[in-house]
Amino acid sequence: MNKPRIKLPDAAKAGDLIEIKTLISHVMETGQRKDPDGKVIPRNIINFFSASFAGDEVFKADLQAGISANPYLSFFMKVPGPGEFEFTWVEDGGNKVVERIKLNVT
Amino acid sequence: MAQAQSWDLRLKMKDKQTPLLLDRRAFAAGAAAMVLVAGTAGQLSAQATEPVWQQTLRSLVGDAKPIEGKVTLELPEIAENGNTVPLTVSVESPMTGTDYVKAIHVLATENPQPGVATFRFSPLSGKASAASRMRLARTQEVIALAELSDGKFLIGRRTVKVTIGGCGG
């Protein structure tokens, strides 16, 4: 899994409703396809995503084979005050990518 | 029910082995067994032919009856590429600590695996809305099921025409 891309507003105030956009490159192999020899290519997807802010849960997603390659996710948060986001992507087999970004609260 | 089924199986086996020697007594017993089985067979075949997405939906809602509406599914009317179809789901909700949307489940009814995603919200969410990109194997109805904090369910549907199917098909 490569380094994810995350888009936050440049600045936000406490009480604002902000949109968070995330993207990570991943094949999201469904487990339905076959290789040229006719063997099934095993499933390999990111099956879980979570976002927390200042230690509190904001949003979680259970992803299944119906999500496109390079999964994009966007969601909202009502800014409780200053803090740092922690985003986690978990792949089949348990590999994880964790990314932390501070939100500029003015 | 189990007894009736084993009866049926044995009769079938006997029929196979001795199709021409089937006597009247065996036929009468068979007919009786068939009547016994008929009632349960109807139920069994209904379960076997129920689409996977309906089974998934039932496992999520249990006995509850989802209410149509209040769930918005934004999807293109025509998707040229089924490998990546933009999707936004949202539910009208005040999203307060006592009245909020717990989760939205997205199902693609005609995909080989109907599960797409479950989005889970929190008191910090502020708005019950999420967006992603999904795969659609062919033209089909997409379903969004919202699970509310009071245990109720809302359901929204939208049909997407797919020009080139996704899922590596």
Side-chain angles (χ1 to χ4, degrees), chain A residues 7 12 14-36 40-41 43 45-81 83 85-86 89 103, chain B residues 52-53 56 60 74 79 81-91 93-97 100-137 140 142-144 160 165-169:
Chain A
K7 200 168 174 229
D16 281 0
L17 185 68
I18 62 165
E19 186 174 12
I20 300 111
K21 296 179 176 180
T22 71
L23 184 74
I24 189 164
S25 54
H26 196 279
V27 59
M28 295 295 275
E29 190 61 61
T30 61
Q32 297 273 329
R33 296 197 311 151
K34 288 178 181 168
D35 66 13
V40 172
I41 306 169
R43 190 183 107 146
I45 69 169
I46 290 175
N47 59 48
F48 181 74
F49 168 83
S50 75
S52 65
F53 185 76
D56 292 322
E57 187 188 306
V58 178
F59 176 81
K60 289 195 289 194
D62 302 316
L63 307 181
Q64 286 154 302
I67 291 289
S68 304
N70 306 324
Y72 162 80
L73 282 169
S74 94
F75 51 93
F76 291 85
M77 182 182 81
K78 199 166 189 180
V79 180
F85 278 105
E86 185 178 291
W89 291 259
L103 178 68
Chain B
V52 183
W53 71 268
T56 312
L60 291 168
E74 284 170 60
N81 179 1
N83 275 311
T84 171
V85 183
L87 152 88
T88 303
V89 283
S90 43
V91 178
S93 166
M95 294 302 276
T96 60
Y100 60 98
V101 178
K102 280 159 79 175
I104 303 177
H105 308 271
V106 181
L107 301 176
T109 56
E110 293 285 327
N111 273 6
Q113 299 174 84
V116 177
T118 297
F119 304 121
R120 298 183 195 278
F121 304 97
S122 74
L124 273 181
S125 292
K127 185 176 173 183
S129 176
S132 189
R133 293 176 190 140
M134 68 185 290
R135 291 177 167 134
L136 288 171
Q140 61 181 285
V142 177
I143 287 180
V160 184
C167 302

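By convention in this document, chain letters (A, B, ...) are assigned in the order of the sequence lines, proteins followed by strands, and residues within each chain are numbered from 1.
For B:F119 and A:F75, the distance between ring centers is not under 6.0 angstrom.
Top candidate by heavy-atom pairs under 4.5 Å with chain A, chosen from B:R133, B:H105, B:Q113, is B:R133. For the set A:L73, A:T22, A:L63, the count of heavy-atom pairs under 4.5 angstrom toward chain B peaks at A:L73. For the options B:T88, B:V85, B:V116, B:I104, heavy-atom pairs under 4.5 Å to chain A are most numerous at B:V116. With respect to chain A, the highest number of heavy-atom pairs below 4.5 Å among B:A131, B:S132, B:A128, B:A108 belongs to B:A131.
Contacts between A:I18 and chain B at a heavy-atom distance below 4.5 Å are absent for every atom of the residue. Contacts of A:I67 with chain B are made by both backbone and side-chain atoms, with heavy-atom separations under 4.5 Å. Contacts of A:A69 with chain B are made by both backbone and side-chain atoms, with heavy-atom separations under 4.5 Å.
Closest approach of B:S122 and A:V58 over heavy atoms only: OG-O, 2.8 Å. Nearest heavy-atom pair across B:R120 and A:D62 is NH2-OD2, 2.6 Å. In this structure, A:V27 and B:R135 approach most closely via the heavy-atom pair O-NH2, 3.5 Å.
With values rounded to the nearest 0.5 angstrom, B:T118 atom OG1 is found 5.5 Å from A:Q64 atom CD.
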- request: Could you please spell out the steps behind the side-chain contact (heavy atoms from CB on, under 4.5 Å) verdict for B:S125 and A:F76?
  value: CA-CA 6 Å; B:S125 292; A:F76 291 85; 5.8 Å; no
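Remark: the backbone N or O of B:M134 is paired with a side-chain donor or acceptor of A:S68 at under 3.5 angstrom.
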